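First comes the structure, then the notes that go with it.
What you see is a predicted model, and the numbers here were worked out from it, not measured in a lab. In what follows, chains carry the letters A, B, and so on, assigned in the order in which the sequence lines appear, proteins first and then strands, with residues in each chain numbered from 1.
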Protein chains: 2
Amino acid sequence: MNEPLAPDMFDELCPSALSPIRFGDKWAGMIIRCLEHGPRRFSELRIPLRGITAKVLTQSLRGLERDGLISRTAYDEAVQRVEYELTPLGRSLLGPMAVACAWAERHWEELLDAREAYETPASGFGRAG
Amino acid sequence: MNEPLAPDMFDELCPSALSPIRFGDKWAGMIIRCLEHGPRRFSELRIPLRGITAKVLTQSLRGLERDGLISRTAYDEAVQRVEYELTPLGRSLLGPMAVACAWAERHWEELLDAREAYETPASGFGRAG
DNA sequence: CGGGATCCTTCTGGATACTG
DNA sequence: CAGTATCCAGAAGGATCCCG
């Protein structure tokens, strides 16, 4: 149905790293993006969320489930299978997230500059006045 | 110039308490809202941010300054006076914040229902199946 | 008034090992 | 496979005292 998730979906160079806008906990926003195009399995989610431990992923998923943003479905098959999917409420967050992403991409340079300027206070002009 | 900030500006009943969307750290979003209509003094900010300690407010303000979202101006008068103000970059965040607030207000009921449903798993129907 | 310094508690995220 | 149980480190937030 939906293609595999790219392992480098959340690169280090991603502007979201600098964005002050956060959705839920550290991983929630990324998880929601992963579910954007359809349900995903637990182990499928671990791929783009590189290095996340099972415990932390479980925690984050439970939080999202608690807030009604995703639903969890366990299939009783030979090999255990669990799928997570966005609820309508969760899907309604995609709008605000797109706004946040657009903001971050748009102001990415300014954010970088601001940090750099803040960390180099000695450059001829100071706060004196 | 601008009217005093209402002490109950951030009520406990505020939908933002349930919203998964966060701007910066715990206080950053509220600080930005406080600066929306013009510069504010340190002690002025402490009023709506009820119970915040000086240290934490300072920390949060420094973080916002570091990210280029606000500017700090110290006036060398008899009584010490420091004002914080939104930069253009900081002001550009008001759009995404309005989107976030609209989302939270719109889905406030759903969020409440989801939490309640999650905390009362025993109600006849379960996840069985 | 607007902080800084210090100490303390809580929360978040993670490493590791184990399980149905 | 999809977790749970334990233990642990670091960061965030806060209380308290002090200062120019």
Side-chain angles (χ1 to χ4, degrees), chain A residues 4-5 10 12 16-17 20-31 34-35 39-67 70-85 118 121 126-129, chain B residues 4-5 10 12 16-17 20 22-31 34-35 39-67 70-85 118 121 127-129:
Chain A
L5 296 168
F10 304 106
E12 329 247 315
S16 75
I21 312 176
R22 287 276 115 88
F23 292 79
D25 65 20
K26 178 174 175 182
W27 304 96
M30 291 181 267
I31 292 173
C34 290
L35 299 178
R40 297 287 182 181
R41 302 182 57 168
F42 185 87
S43 47
E44 208 173 351
L45 290 171
R46 297 189 66 171
I47 298 181
L49 274 33
R50 288 202 278 227
I52 194 173
T53 61
K55 175 199 151 188
V56 174
L57 178 54
T58 302
Q59 270 180 189
S60 196
L61 288 167
R62 291 285 181 280
L64 288 166
E65 199 187 350
R66 163 175 171 246
D67 286 351
I70 66 172
S71 64
R72 177 186 182 276
T73 312
Y75 296 92
D76 202 10
E77 301 172 349
V79 303
Q80 189 178 353
R81 191 162 68 91
V82 175
E83 279 190 348
Y84 294 92
E85 189 173 8
Y118 189 83
R127 250 192 212 151
Chain B
L5 296 167
F10 304 106
E12 329 249 315
S16 75
R22 287 277 114 86
F23 291 79
D25 66 19
K26 179 174 175 183
W27 304 96
M30 291 182 268
I31 292 173
C34 289
L35 300 178
R40 297 287 184 181
R41 302 182 58 170
F42 186 88
S43 47
E44 209 174 350
L45 290 170
R46 297 189 66 170
I47 299 181
L49 273 33
R50 289 204 275 228
I52 194 173
T53 61
K55 176 198 151 189
V56 174
L57 178 54
T58 302
Q59 269 179 189
S60 196
L61 288 168
R62 291 287 179 277
L64 288 166
E65 200 187 350
R66 164 173 171 250
D67 286 351
I70 65 172
S71 64
R72 176 186 183 277
T73 311
Y75 297 92
D76 202 10
E77 302 173 348
V79 304
Q80 190 178 355
R81 191 161 68 91
V82 175
E83 279 191 348
Y84 293 93
E85 188 174 9
Y118 189 82
R127 254 193 211 149

Got a second to check how far A:R40's CZ is from A:I70's CD1, nearest 0.5 Å?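 Answer rounded to 0.5 Å: 14.0 Å.
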Rounded distance (nearest 0.5 Å) linking atom CD1 of B:I31 with atom CG of B:L61: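 If I round to the nearest 0.5 Å, the distance is 4.5 Å.
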Nucleotide of C:dG4, D:dG3, C:dG13 approaching B:R62 most closely (side-chain heavy atoms):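 Minimum distance to the B:R62 side chain belongs to C:dG4.
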Using the side-chain heavy atoms of A:T58, tell me which of these nucleotides is nearest: D:dG13, C:dG3, D:dG3.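 The answer is D:dG3.
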What about A:Q80, does its side chain sit under 3.5 Å from the base of D:dG3 through a donor-acceptor pair?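 Side chain to base: no pair below 3.5 Å.
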With a 3.5 Å cut-off and just heavy-atom distances, do the side chain of A:Q59 and the base of C:dG13 make a donor-acceptor pair?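 Per atom types, no contact qualifies.
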Heavy-atom pair with the smallest gap, counting every atom of B:E83 and B:P39: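 Residues B:E83 and B:P39, closest heavy atoms: OE1-CB, 3.6 Å.
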To check you understand the geometry: which heavy-atom pair defines the closest contact between A:V56 and A:W27, and what is its length?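 Looking at all heavy atoms of both residues, the closest pair is CG1-NE1, 3.4 Å.
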Rounded off to whole Å, could you give me the [atom1]-to-[atom2] distance for the [X] and [N] pair?
| X | N | atom1 | atom2 | answer |
| --- | --- | --- | --- | --- |
| B:E83 | C:dC1 | CD | P | 15 Å |
| B:D76 | C:dC1 | CG | P | 17 Å |
| A:L61 | D:dC1 | CG | P | 16 Å |
| A:Y84 | D:dA2 | OH | P | 8 Å |
| A:D25 | C:dG13 | CG | P | 5 Å |
| B:I52 | D:dG13 | CD1 | C1' | 9 Å |
| A:R22 | C:dT12 | CZ | P | 15 Å |
| B:I31 | C:dG2 | CD1 | C1' | 14 Å |

Relative to B:Y75, does B:R81 satisfy both conditions: NZ or CZ under 6.0 angstrom from the six-membered ring centre, and within 45 degrees of the ring's axis?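 Because its charged atom sits under 6.0 Å from the ring centre and within 45° of the axis, B:R81 does stack over B:Y75.
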Applying a 4.0 Å non-hydrogen cut-off, can you work out what B:V82 is touching in the nucleic acid: base, sugar-phosphate, or nothing?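 Result for B:V82 = sugar-phosphate.
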Once you apply a heavy-atom cut-off of 4.0 Å, does B:Y75 come out as touching a base, just sugar-phosphate, or nothing?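 Touches nothing.
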Taking OP1 and OP2 of [N], is either one under 4.0 Å from a side-chain nitrogen or oxygen of [X]?
| X | N | answer |
| --- | --- | --- |
| B:S43 | C:dG2 | yes |
| B:R81 | C:dG3 | no |
| A:R41 | D:dA2 | yes |
| A:R72 | D:dG3 | yes |
| A:R46 | D:dG3 | no |

Taking for each residue the nucleotide of DNA chain C bearing the nearest heavy atom, is the 5' side occupied by A:A54 or by A:K26?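 The residue closer to the strand's 5' end, by nearest nucleotide, is A:K26.
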Considering heavy-atom distances to DNA chain C, does B:V79 or A:W27 have its closest nucleotide positioned more toward the 5' end?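 So the residue in question is B:V79.
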Does A:R72 use its side chain to pair, donor to acceptor, with the backbone of A:E65 at less than 3.5 Å?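 Checked: no pair found.
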